[in-house]
Number of protein chains: 2
Amino acid sequence: MPTAATPDIRRTRGQITEAADRLFYEQGFGHTSFADVAGAVGISRGNFYHHFKSKDDILAAVIEGRLERTRALLQAWEAQACTPIERLHCFVQMLLDNQPHILAHGCPVGTLCGELAKLDHPALEQANGLLVLFRDWLRQQFEAMGRTAEADALALHLLARAQGVAAVAHALRSEAFVRAEVYELQAWLTAQQASGSSLAGARAST
Amino acid sequence: MPTAATPDIRRTRGQITEAADRLFYEQGFGHTSFADVAGAVGISRGNFYHHFKSKDDILAAVIEGRLERTRALLQAWEAQACTPIERLHCFVQMLLDNQPHILAHGCPVGTLCGELAKLDHPALEQANGLLVLFRDWLRQQFEAMGRTAEADALALHLLARAQGVAAVAHALRSEAFVRAEVYELQAWLTAQQASGSSLAGARAST
DNA sequence: GTCTATACGGAGATAGAC
DNA sequence: GTCTATCTCCGTATAGAC
């Protein structure tokens, strides 16, 4: 019968995914080696074949962990903000809260999806789940605001705006630019709440 | 005295940069090896150390070539469109013209700058020159439209919007999304021409 | 002398055997 | 958890072709 000595393996596995998550974000997936991860955790290279059988296996676990944490983040936003517009502001605010990381390493979701898309990596679909998580959640908020017809387009639009801000801020390393664009996005959200929006007109006339 | 037998070396060098340019775009810089480039050109691997002394050397030549072609592109836009608003539409139209490539490999400028930024590669600054080229040109158009005070902010904003569209379209591989966002951008440009813009207000109140 | 091709060595990465 | 095998890649050294 199994003893109670199993938490160790889960702990080590968690440490590996955690370290890999951070390194994948800071250096990119392709430029992070087993040695990097092993060194960060403090175990030997061969050791974590007990936990993961390939690099892609680690990637899958990392993405799964990010999906989990993103779901928790979205739930936290729902808990701390009651109205749809407030929740949408939580999303935009994220750009300011994570500004130092964005300037240094870009958006965690965008840079990962971008890299995997360029490599035509099988895990792209899984990573896109992160984008879809935000997309669906944003869509729900726009629906709750009464923008049912254009909710999905608005969600994608906002998602792309945030991605663009992160991408340019990352390349140019400009803090001021992030602040200015967040201001723009907040104003845009307010305009959306007031409703007579450009996207509504665009969608209606198509 | 040198004979007229020198065009060969320039031709080979051009072939290498051309092939490297394409492969860097399709596969990313980090995931393209010398063997890939050599194979594409049809020469042996050791051979092009006569032309470039390192991989970073090739990267520098590729970026230089892209800068050159970007300048030519901007000049062509100026030639084919006389008014600032028409020229800005040229920029937005680029998203539609290059749509298949964007869906498959992302924006050439954005994906390169993103990769180099993540690697903290010395060539990032040079690659950012591509962004700056667009930024300055766009700024000039907004200035010519009479939006002098906010011209640079508007230029960066438009640049980021385009980057966001390309990034999301690349990850999700969605053609419809590009079309919808281009429509939005065209509407936004029209609104900018009419002037009373959100960015003007935002900038004034900061 | 200039360009090109083959061969070789060092480094590092993945994968796996023990 | 150590140790090794195999592979790829960068860079060089060397030698042949025009």
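Protein chains get the first letters and strands the later ones, always in sequence-line order, with residue 1 at the start of each. Side chains are part of it too, since the values below use all heavy atoms of this structure and drop only hydrogens, waters and symmetry mates.
- Of the candidates C:dA15, D:dG1, C:dA5, D:dG1 carries the atom nearest the A:S44 side chain, counting heavy atoms from C-beta on.
- The residue B:K53 sits apart from the nucleic acid: no heavy atom pair falls under 4.0 Å.
- Set against D:dG11, D:dC9, C:dA5, the side chain of B:S33 has D:dC9 as its closest nucleotide.
- Nucleic acid contact class of B:F34 (heavy atoms, under 4.0 Å, all strands): sugar-phosphate only.
- The distance between atom CZ of A:F29 and atom C1' of C:dT14, rounded to the nearest whole Å, is 11 Å.
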TODO: Output, in order, the C-alpha distance, side-chain angles, deciding distance and verdict of salt bridge (Lys or Arg N to Asp or Glu O under 4.0 Å) for B:D120 and A:R173.
DONE: CA-CA 11 Å; B:D120 247 322; A:R173 307 253 153 95; 3.7 Å; yes
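- Rounding to whole angstrom units, NZ of residue A:K55 and C1' of D:dT8 are separated by 13 Å.
- Heavy atoms of B:Y49 sit under 4.0 angstrom from at least one base atom.
- Side-chain N/O atoms of B:H50 and base N/O atoms of C:dT4 include a donor-acceptor pair closer than 3.5 Å.
- A perpendicular orientation is assigned to the rings of A:H105 and A:Y25, their planes being inclined by more than 60° (bins at 30° and 60°).
- Using cut-offs of 30° and 60° for the angle between ring planes, the B:F134 and B:W77 rings count as tilted.
- For C:dT4, one of the phosphate oxygens OP1 or OP2 lies less than 4.0 angstrom from a side-chain nitrogen or oxygen of B:H51.
- With respect to the salt-bridge test (charged N to carboxylate O, under 4.0 angstrom), the residues B:R71 and B:E68 qualify.
- With C:dT4, C:dA15, D:dG11 as the candidates, the nucleotide lying closest to the side chain of B:N47 is C:dT4.
- The interatomic distance linking A:R45 (CZ) with C:dA15 (C1') rounds to 12 Å, in whole Å.
- Residue B:H31 contributes atom NE2, which lies 13 Å from atom C1' of C:dT14 at whole-angstrom precision.
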